[in-house]
Amino acid sequence: MPELPEVETVRRGLQPVMEGARFTRVEARRGDLRWPLPKDFAARLEGKTVAGLGRRAKYLLADLSSGDVLLMHLGMSGSFRVAHARAGFGEATPGAYYHERGKDAAHDHVVFHMSSGARISFNDPRRFGSMKIVARGELEQEPLLRALGPEPLGNAFDAAMLARACRGKMTSLKAALSDQKVVAGLGNIYVCEALHRARLSPRRRASTIASRAGAPKERAQALVDAIKAVLNDAIAAGGSSLRDHRRTDGELGLFQHNFRVYDRAGMPCPTPGCSGTIRRAVQTGRSTFFCPVCQK
Ligand SMILES: [Zn+2]
């Protein structure tokens, strides 16, 4: 499943061809994504200009001149492909990180023709992706967004906030960080990577990063720093893939080469001076990768 850095990279890849551009034509080839597209989907987009392309957790939000907001989610297998009408620009698939991207045009379910000359195709073989149009004034009440916790790269997300959220929590740190209400959009990969960087065991009880009154311990600061660092590193790696527009497969800047623990069971721990071996365990139904020696 695409995770936050990948979605941010997709946003940065789409921004130059969407922001300030108008939808000249919209093809909704298959209406049955995760939920049906509204009947007036194309009509509500055509002729409208994208004032800005933002992101909240793993949702892309295109702010439209009509006062509507187009919400887009990549689901399990969704990707965007950008083709330019002008010769020589080629195609690009921003945001390919760890997961294979569909290339079969039969799965291009939605196509945006933009006044920038770009044709943006949404490809999604498994159709867990989704698009929804919401009036800007109703965004606060939008059920998809309302329950989301703080944005991990936002200024509001700090040690004090994380400690408050984990205060008294008897669940593991792994489970707490995977909870969208504690911090939004942090997926399995980056939870594992952040815990390793912070040298905290995924099995540690979440409440142990806070005092009984909910004040942050040093561990909370280490964890927040690790979360921001790993996400920023991954976004930077994705950003490097965006600079080369001739690539069509999006295979550049794969952050997986920088994973320290994820999918590396049996490999030596990369922490300097640590003699541990990365181990895989299952926690709340998901794979957890960690070093039993340096993560306490
Ligand atoms: Zn280690």
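All ligand and atom numbering here is 1-based and tracks the order in the structure. Just so we're clear, the structure is a prediction, and the values are computed from it rather than from any experiment.
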Within residues 150-169 or reaching into it, pairs that qualify as salt bridge (Lys or Arg N to Asp or Glu O under 4.0 Å) - sequence neighbours excluded: R55-E151, R56-E151

More than 12 non-hydrogen atoms from neighbouring residues, nucleotides or ligands closer than 6.0 Å to CD on Q141, yes or no? yes

Between Y59 and H73, is the ring centre distance below 6.0 Å? yes

With sequence neighbours left out, write down each residue that passes salt bridge (charged side-chain N to carboxylate O under 4.0 Å, His left out) with R280, or none if nothing qualifies. none

Relative to each other, are the rings of F259 and Y190 parallel, tilted or perpendicular (30° and 60° limits)? perpendicular

Just jot down the salt bridge (charged side-chain N to carboxylate O under 4.0 Å, His left out) partners of R11, sequence neighbours excluded, or say none. E8

Which protein N, O or S atoms lie under 2.8 Å from the Zn ion (ligand 1), given by chain and residue number? C269 SG, C274 SG, C291 SG, C294 SG

